[in-house]
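Throughout, a chain's letter reflects where its sequence line sits, starting with A, and its residues are numbered from 1. Only a predicted model underlies this, so the values are computations on that prediction, with no experimental measurement involved.
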Protein chains: 2
Amino acid sequence: MKVLVADDDADLRELIAFTLTQAGYFVIKAGDGPAAVRLSQAETPDLVVLDVNMPGLSGFQVCEAIRRESRVPVMMLTVRGEEEDLVRALGLGADDYLTKPFSPRTLLARAAALLRRAGMDTAAPLTAGRVVLDLGEHTVAIDGGTAVRLTPLELRLLQMLVANAGRTVSSERLLVQVWGHKSGGDRQLLKQLVHRLRQKIETDPAAPALLRTAAAGYKLIVE
Amino acid sequence: MKVLVADDDADLRELIAFTLTQAGYFVIKAGDGPAAVRLSQAETPDLVVLDVNMPGLSGFQVCEAIRRESRVPVMMLTVRGEEEDLVRALGLGADDYLTKPFSPRTLLARAAALLRRAGMDTAAPLTAGRVVLDLGEHTVAIDGGTAVRLTPLELRLLQMLVANAGRTVSSERLLVQVWGHKSGGDRQLLKQLVHRLRQKIETDPAAPALLRTAAAGYKLIVE
DNA sequence: CGCGCATGTAACCGGTTTGTCACCGACCCG
DNA sequence: CGGGTCGGTGACAAACCGGTTACATGCGCG
């Protein structure tokens, strides 16, 4: 479940991202309006969290731009008491709003509600080939077998691979997406994580049938 | 790697072209909108850099026309502060934007990012003459034969030659593009790499039919 | 506190990839 | 003719890479 978080305030952005990540969402971050518009197109998130007050493009303009091409749920962040902001946001097609400050619990509850309403309920497991990934339960099942519990990092890795099932995902991309390392991350970490994940999902971890090493990265085999 | 640069301002156009050429790209130039549309069809570039403000067809219209038939990455050039231009550009399917003025470094970084993304996402292999190059899988197939695995360096070399199929690419350019050496060059490395690549793709490596030695460089033969 | 789990770090192995060297023959030119 | 340059070739060593084992750290929880 991908969520785009757009806020120019780095602290708040990271707080929101952290909260969502902990809850099992995959988070994409944008620090300004233009980046938010670009990423909403490039990454097709399932939910967008937008701060109203951003330099350059305001949250309103971003919302407008997104609505021109997609009906992805949008949650706006406003400051308390600015009622007209609220009216304007909802008028532009935003689906919900949160007044700052807010608690992480509230954020999660609203986000879950929006996703449920959009039919993107977290209860719906992702599936690709022989792999069935339950994001809500943090488990995988292979070929309809028993569910295996995954650690947060394993889950993110597998989620990335499932999202690109059949295609090679480069090590660099995986490092960025799973750990958030900006560049030149530690390949050793990826090596380890793949190894541990294989122990859990492969029938013979020494001869991987699902999670295969490919040119400059890894890929999930379908059929 | 072919890049189409469309800008009616000759100075800026040449500056961009120069920057990209130095970095090892093969650049095609267009001075107005209609030329840009025509060249984007005729030359099938891997990236298009479009100025928003052009007489005749504006950058928006050109972008629209290109999007009607291709998903090639498009980078728009806008003037700072024209936020609605930005929204409009991204809405039309542009993949990125640069606000003028910008530094050559920024241009190169963004261009590289776009190409990387496109190269990852498209399973569509490059093809030139008898050569079919699959960037995602790091393989080549000659005349539809079996795919041969390439090492990273071999892949970069062949990619460079395919991008300039039929034309001679100087040893100097190849050294810069493949190894990132700034200048001067270790010709021995190139000699070896060409040798190793020929072993993989030529039916008779002693009498090269595809990767021929040309004046001060190499070229890929196309029929 | 100490236990177990998730994660990070280090070291080793075997295979691949790449860099380096030495030599060959072709060609050019004084 | 003889030296010089250049591209092609084979051999070898260094560096690198992925898989693996082992161990350290850090954290929550009883």
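- The cationic group of B:Arg167 lies under 6.0 Å from the six-membered ring centre of B:Phe26 and within 45° of the ring axis, placing it in a cation-pi geometry.
- For A:Trp179 and C:dT7, the shortest distance from a side-chain N or O to OP1 or OP2 is not below 4.0 Å.
- Of the inter-residue distances, the one linking B:Ile142 atom CD1 with B:Thr203 atom OG1 reads 9.5 Å to the nearest 0.5 angstrom.
- Non-hydrogen atoms lying under 4.0 Å from DNA chain D are contributed by nothing in residues 148-169 of chain B.
- Salt bridge B:Asp46/B:Lys2: absent, no basic N to carboxylate O contact under 4.0 Å.
- Contact record, B:Leu39 with B:Lys29: CD1-O, 3.4 Å, taken as the closest heavy-atom pair.
- Side-chain atoms of B:Leu189 lie closest to C:dT20 of the nucleotides D:dT9, C:dT9, C:dT20.
- Judged purely by atom type and a 3.5 angstrom limit, A:Glu202 uses its side chain to pair as donor or acceptor with the backbone of A:Leu211.
- Between the C1' atom of D:dG18 and the CG atom of A:Leu175 lies a distance of 14 Å, rounded to the nearest Å.
- Note: CD (B:Gln188) to C1' (C:dC23) measures 11 Å, nearest angstrom.
- Across the protein-nucleic acid pair, B:Asp186 atom CG and D:dA14 atom P stand 18 Å apart, rounded to whole Å.
- Of the possible polar contacts, none joining the B:Gln199 side chain to the B:Pro205 backbone as a donor-acceptor pair under 3.5 Å is found.
- A salt bridge does not link A:Arg196 with A:Glu154: none of the charged nitrogens is closer than 4.0 Å to a carboxylate oxygen.
- Atoms NZ (A:Lys191) and C1' (C:dG14) sit 12 Å apart, rounded to a whole Å.
- For A:Tyr218, no side-chain nitrogen or oxygen approaches OP1 or OP2 of D:dC17 to under 4.0 Å.
- To the nearest 0.5 angstrom, B:Phe102 atom CZ is 4.0 Å from B:Ile16 atom CD1.
- The base of D:dT21 lies close enough to the side chain of A:Gln192 for a donor and an acceptor atom to sit less than 3.5 Å apart.
- In this structure, CG of B:Leu190 is placed 13 Å from C1' of C:dG19, rounded to the nearest angstrom.
- Annotation for B:Arg149: atom CZ does not count as buried by contact number, only 12 or fewer foreign heavy atoms lying within 6.0 Å.
- Between A:Arg187 atom CZ and D:dG19 atom C1' the separation is 15 Å, expressed in whole Å.
- Scanning residues 193-205 of chain A for heavy-atom distances under 4.0 Å to DNA chain D yields A:His195, A:Arg198.
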